[in-house]
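Here's the structure we're looking at; comments come further down.
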Amino acid sequence: MGNDGGSIPTRRELVKEAARNPTTSELKESQHERQEHCWQTDPISSQPLGQPVVSDSSGKLYNKDTILEYLVEGTRKADAERITQGAISSLKDVVEVKFELDPKATATAKHEVWRCPVTGDKLGPGSKAVYLVPCGHAFSGTAIKE
């Protein structure tokens with residue numbers, strides 16, 4: 001073997017850049033992107049969230065029509081089972097969340113922008129939001145604290 005003119009690269013030649021841990025700003029940015037995606041996208045259908053919105057016991061937001069399709073027709077059953085982890089078996093397992101729309105911000109944005117009816121704060125990534133289970137009205141965390 002050998003004398004064929006080929007060369008065998010060493011590890012140093014193959015690994016040009018050492019692996020590094022992400023910085024805190026990179027971690028925060030990726031976390032914000034994940035939160036933004038969860039606040040704007042239905043995890044089962046990958047469609048933008050729009051009224052009516054429902055939430056399961058863990059706080060994940062879904063489009064109501066997607067949940068109805070899953071429960072009644074059985075469409076996207078494998079994806080829904082994997083995402084909900086079996087927590088949704090009937091409409092009693094979800095709460096319809098009633099958000100107040102911000103008309104000015106919704107007109108300029110690609111998606112619906114929700115706000116707290118008490119404080120006027122924007123509800124979304126980075127903000128604490130709460131909904132009441134019997135009625136489903138959504139409020140900011142500061143309104144509930146007060």
Side-chain angles (χ1 to χ4, degrees), residues 6 8-146:
I8 299 173
T10 61
R11 182 182 186 284
R12 186 177 308 159
E13 293 168 340
L14 291 175
V15 181
K16 296 286 186 193
E17 190 175 305
R20 65 176 180 83
N21 290 332
T23 63
T24 55
S25 62
E26 291 172 341
L27 288 173
K28 285 181 182 179
E29 184 179 328
S30 66
Q31 180 184 14
H32 183 74
E33 287 174 1
R34 274 194 308 270
Q35 288 176 346
E36 194 170 298
H37 184 266
C38 290
W39 272 92
Q40 297 174 358
T41 310
D42 182 346
I44 296 173
S45 65
S46 298
Q47 299 293 322
L49 282 175
Q51 297 289 355
V53 176
V54 295
S55 176
D56 62 2
S57 60
S58 65
K60 288 183 185 173
L61 300 175
Y62 306 94
N63 284 329
K64 188 173 184 179
D65 58 346
T66 303
I67 295 297
L68 287 173
E69 287 174 7
Y70 159 62
L71 292 174
V72 175
E73 301 169 8
T75 56
R76 300 184 181 107
K77 191 167 185 82
D79 291 337
E81 288 289 329
R82 180 180 49 82
I83 291 169
T84 63
Q85 298 166 348
I88 301 175
S89 58
S90 71
L91 281 179
K92 292 180 182 178
D93 297 329
V94 294
V95 175
E96 185 172 341
V97 183
K98 296 173 181 81
F99 290 108
E100 184 173 306
L101 292 175
D102 188 358
K104 290 181 251 175
T106 302
T108 59
K110 294 180 267 185
H111 55 86
E112 292 180 344
V113 178
W114 301 311
R115 65 182 184 95
C116 175
V118 177
T119 61
D121 295 342
K122 179 183 172 235
L123 300 178
S127 68
K128 302 242 188 245
V130 180
Y131 66 88
L132 304 177
V133 173
C135 61
H137 288 90
F139 301 99
S140 67
T142 56
I144 296 296
K145 215 183 270 188
E146 292 296 319

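In terms of modelled atom types and a separation under 3.5 Å, the side chain of Asn63 and the main chain of Asp65 share no donor-acceptor contact. For Thr41 (side chain) and Pro43 (main-chain N/O), no donor-acceptor pair under 3.5 Å exists by modelled atom type. Between the Lys60 side chain and the Ile83 main chain, a donor and an acceptor come within less than 3.5 Å of each other. Without hydrogens or angle criteria, Thr119 side chain to Cys116 main chain gives no donor-acceptor distance under 3.5 Å. A donor-acceptor pair under 3.5 Å is absent between the side-chain atoms of Asp42 and the main chain of Tyr62, judged by distance alone.
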Task: Worked check of side chain to side chain contact (heavy atoms under 4.5 Å, CB included) between Trp39 and Trp114 - done: CA-CA 10 Å; Trp39 272 92; Trp114 301 311; 3.7 Å; yes
- [ ] Could you check Leu68 against Leu91 for side chain to side chain contact (heavy atoms under 4.5 Å, CB included), going step by step and ending with a plain yes or no?
- [x] CA-CA 8 Å; Leu68 287 173; Leu91 281 179; 3.7 Å; yes
Open item on the list: Using the rule given for side chain to side chain contact (heavy atoms under 4.5 Å, CB included), can you reason through Gln40 versus Leu49, listing the C-alpha separation, both sets of side-chain angles and the distance that settles it, and then say yes or no?
Closed with: CA-CA 5 Å; Gln40 297 174 358; Leu49 282 175; 5.9 Å; no
Open item on the list: Assess the residue pair Glu33 and Glu36 against the criterion (side chain to side chain contact (heavy atoms under 4.5 Å, CB included)); give the C-alpha distance rounded to whole Å, side-chain angles, the decisive distance to 0.1 Å, and a yes or no.
Closed with: CA-CA 5 Å; Glu33 287 174 1; Glu36 194 170 298; 5.6 Å; no
TODO: Before giving the answer on salt bridge (Lys or Arg N to Asp or Glu O under 4.0 Å), spell out for Arg20 and Glu26 the whole-Å C-alpha distance, their side-chain angles and the decisive distance to 0.1 Å.
DONE: CA-CA 12 Å; Arg20 65 176 180 83; Glu26 291 172 341; 3.4 Å; yes
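Taking NZ from Lys77 and CD1 from Ile44, the interatomic distance works out to 11.0 Å, rounded to the nearest 0.5 Å. Here the CD atom belonging to Gln35 is positioned 10.0 Å from the OG atom belonging to Ser30, to the nearest 0.5 angstrom. We find the CZ-CZ distance between Arg115 and Phe99 to be 13.5 Å, quoted to the nearest 0.5 Å. Interatomic distance, Ser57 OG to Asp93 CG, rounded to the nearest 0.5 Å: 7.5 Å. How far NZ of Lys28 is from CD of Gln31: 9.0 Å, rounded to the nearest 0.5 Å. The NZ atom of Lys128 lies 13.5 Å from the CG atom of Asp121; values are rounded to the nearest 0.5 Å.
In this structure, Glu69 does not pair ionically with Lys64, as no charged nitrogen and carboxylate oxygen lie closer than 4.0 Å.
Put simply, the side chain of Ile88 reaches to within 4.5 Å of the side chain of Ile67, judged on heavy atoms. You'll find the side chain of Tyr131 stays beyond 4.5 Å of the side chain of His137, heavy atoms only.
Across Asp56 and Ser58, no two heavy atoms sit closer than the pair OD1-OG, 3.0 Å. Taking every heavy atom of both residues into account, Val97 and Ala138 meet most closely at CG1-CB, 4.0 Å. Nearest heavy atoms, Pro52 versus Glu96: CB-OE2, 3.4 Å. The heavy-atom pair separating Val95 from Gly136 by the smallest distance is CG1-CA, 3.8 Å.
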